[in-house]
Structure formats: structure tokens, C-alpha cells
Amino acid sequence: MSELLVTADGPVLRVVFNRPAQHNALTWAMWDGLYDACERADTDPETKLLVLSGAGGRAFVAGTDISQFGEFTGGEDGIAYERKVQRIIDRLERVRVPTLAVVEGYCVGGGLVVAAACDLRLAVPGARFGAPIARTLGNCLSMNTYSLLVHHLGPARTLDMLLRARMYSAEEAHAAGFVAELCEPDDLAARRAEVEERLLSHAPLSMWAAKEAVRRLRVANLPDGDDIVATVFGSDDFHAAVPAFLAKEQVTWQGR
């Protein structure tokens, strides 16, 4: 079965991250498939709404598949990776129709970024949000991703989440405004249908204008951060942490 399921459900294009045994961790093919789904949403005149979710109920997306980082040899690999992710996240953020992330379970790392690039987020109380890289891989995020998190959470919550490697509960994410609405698991399907119906009933150009205006405000003064990415992804700490993470071993951080 495909790792990424993309199906048209009337005016709704549904994207399901489909690696439940791996908590829907993203492979390169899944990242590319997400980009293609965004293209489809914008080129199919029948599509009025894009909805993203994860299979299995235990995770929306638990980051990028860590095994793929084993191929990295230096900071330039980190820059290339972050540019690839930014291209796809930027494409998701630019989709002309409304985008909705439906979150059950873990929404971590790359999954947090995907959810942040959507317009609205619906979650169940058991959902968890974070990017605990300070205690796992010792890598960093792109400047665009830092901007997304600060845009949604503010600088204080963003630093709290990243420096303490905190996983925010669904209730905390809702209180911060990141999650638009919480609903119980048994009510999720019905509530999602209600949200979809409301979005489908609204003026498409009004919604596009709101989306695009907010996006332009966010990226208006986005600085370059390649030097940050190259430093961290090229570090001894990162290259020691990847195999240690896969082997479930503890890393002793050196700060170099």
C-alpha cells in the first residue's frame, strides 16, 4: 500500500500519511508526494479544500524518517535537506484552497512543520506537538521553520518548546492558538465533516486573500539561515547522534 494516500472525495482532496508502524515518519517519496498533492489541489478545478491526516490514530507525522540522515556527510547536506523541505512547505502554504490538518497522536518535527503550514488544525486531546531535537538528534531547523513556529506560538513558547525539548499537549497547543479546535476521538469524524462543510460554503477568493495576506506578512522579512544549518548539520554532535538515535543509545553532547 502507498505510503501516501491521495484521494478526491468530491470537492475535498484528502492526503493521508500512511506509515502507521513508523508513526507516519516521512520518507523522501512522501515529501515529494505532498508537493504533488499541493499541485493537484491547485490545478484541479473541482478541488475546494485540502485535508491532511495520519493513518493509524497514533500519529499525524512523527518527523522525517531518521534513517535517511545517515547519508549526510557535512553541513551542505543539511542545507540541501532544509531547502528541499522549505520548497515543499512553501508550496503547501501557498495552496490556494483552504488547508486543514487533522491531528491524532504525535505531531513532531517535520510533522509539526507540515501542520504549521496548514491554515487550520483540528486535534484530539491525546495529540502531542513538538520538535525535541535538542535531546534527540542535535540538529536544527531552517529559518523558515523557526519563522513558522514563532508566527504561531510567539518567541517565548517557541524557545520553551525547543530549548526544553518540550512536547506540548493538545490543550496547551489549543490555548496557544495553534490548534483551532479540540474534539474527542469519537466526535472527530463528525466535527471534521462540519468544519469541511463550513469551509466549502465560504467565498473562495475571500479565503484565499486571507491566507495569502497572512503568508506574505510572515515571510516579508525572512532572513537567510544557511550558516546556522551548515554549522549544526556539519557538527560532530549531529553525526554522532544519528546512529545513536537509531540504536537507541544515549549521546554525550560535545558542543562541536
Side-chain angles (χ1 to χ4, degrees), residues 1-20 23-24 26-27 29-62 87-107 110-127 129 152 170 173-174 178-215:
M1 186 175 291
S2 174
E3 294 177 339
L4 191 74
L5 305 177
V6 182
T7 56
D9 180 12
V12 181
L13 186 63
R14 302 193 186 280
V15 175
V16 179
F17 303 105
N18 189 41
R19 297 181 75 209
H23 290 116
N24 302 321
L26 295 168
T27 63
M30 292 168 74
W31 277 116
D32 291 338
L34 177 58
Y35 185 95
D36 292 341
C38 295
E39 290 282 294
R40 178 174 170 180
D42 275 349
T43 56
D44 180 2
E46 301 301 317
T47 297
K48 308 299 181 186
L49 176 63
L50 179 62
V51 177
L52 279 57
S53 61
R58 295 190 300 163
F60 175 70
V61 170
R87 171 177 174 267
I88 297 163
I89 293 301
D90 179 67
R91 185 67 187 87
L92 175 59
E93 201 176 11
R94 287 175 180 268
V95 169
R96 292 182 63 86
V97 301
T99 54
L100 172 66
V102 181
V103 180
E104 298 178 90
Y106 292 105
C107 182
L112 180 67
V113 183
V114 169
C118 291
D119 302 318
L120 297 170
R121 286 150 294 279
L122 187 65
V124 299
F129 302 84
H152 284 297
H174 182 245
F178 185 71
V179 169
E181 187 171 344
L182 285 177
C183 60
E184 294 298 326
D186 291 345
D187 300 327
L188 181 61
R191 189 63 190 126
R192 176 174 64 183
E194 292 172 4
V195 172
E196 292 173 1
E197 183 178 359
R198 169 168 286 198
L199 292 171
L200 291 170
S201 73
H202 288 171
L205 288 178
S206 294
M207 293 190 292
W208 166 78
K211 287 165 50 79
E212 182 62 10
V214 169
R215 187 195 68 81

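Everything numeric in this text was worked out from a predicted model, so none of it was measured. Residue numbers start at 1 and run along the sequence shown.
Atoms CG and CE, on Leu199 and Met207 in that order, are 6.0 Å from each other to the nearest 0.5 Å. Within the model, atoms CZ of Arg87 and CH2 of Trp31 stand 12.0 Å from one another, a figure rounded to the nearest 0.5 Å. Of the inter-residue distances, the one linking Cys183 atom SG with Arg192 atom CZ reads 9.5 Å to the nearest 0.5 angstrom. Taken from CG in Leu5 to OG1 in Thr7, the straight-line distance is 7.0 Å, to the nearest 0.5 Å. Of the inter-residue distances, the one linking Leu122 atom CG with His174 atom NE2 reads 9.5 Å to the nearest 0.5 angstrom. Rounding to the nearest 0.5 Å places CG of Leu182 at 12.0 Å from CG of Asp187.
Taking all atoms of both residues into account, the shortest heavy-atom contact from Val15 to Ala37 is CG2-CB, 3.7 Å. Cys38 and Val95 make their closest contact through CB-CG2, 3.6 Å (heavy atoms, listed as atom of the first residue, atom of the second, distance). Considering every non-hydrogen atom in both Phe129 and Ala173, the closest pair reads CD1-CB, 3.7 Å. For the pair Pro11 and Leu200, the tightest heavy-atom approach, listed with the atom from each and the gap, is CG-CD1, 3.8 Å. The two residues Pro20 and Gly56 make their nearest non-hydrogen contact at CB-CA, 4.1 Å. When all heavy atoms of Leu120 and Ala180 are compared, the pair lying nearest together is CD2-CB, 4.3 Å.
For the pair Asp90/Tyr35, no side-chain contact is recorded, criterion being any heavy-atom separation below 4.5 Å from C-beta on. No side-chain heavy atom of Val113 sits under 4.5 Å from any side-chain heavy atom of Val61. With contacts defined as side-chain heavy-atom distances shorter than 4.5 Å, the pair Leu4/Val6 qualifies. A 4.5 Å side-chain heavy-atom check between Val195 and Val102 finds every atom pair outside the cut-off. Contact check for Leu92 versus Leu50: side-chain heavy atoms found under the 4.5 Å cut-off. Looking at Pro125 and Pro185, their side chains come closer than 4.5 Å, going by heavy atoms from C-beta outward. The shortest distance between side-chain heavy atoms of Leu52 and Thr99 does not fall below 4.5 Å.
Distance alone, capped at 3.5 Å, is enough to place a donor-acceptor pair between the Asn18 side chain and the Ser2 backbone. With hydrogens and angles disregarded, no donor-acceptor distance shorter than 3.5 Å links the side chain of Lys211 to the backbone of Arg96. A side-chain donor-acceptor contact under 3.5 Å links Arg121 to the backbone of Phe178. Here the side chain of Arg58 pairs no donor or acceptor atom with the backbone of His23 at under 3.5 angstrom.
Tested against Phe60, the residues Asn24, Leu112, Val114 include a single side chain to side chain contact (heavy atoms under 4.5 Å, CB included) partner, Val114. Of the residues Arg14, Lys48, Arg191, the one that meets the salt bridge (charged side-chain N to carboxylate O under 4.0 Å, His left out) test with Glu196 is Arg14.
The number of heavy atoms from other shown groups lying within 6.0 Å of CD (Glu181) is above 12.
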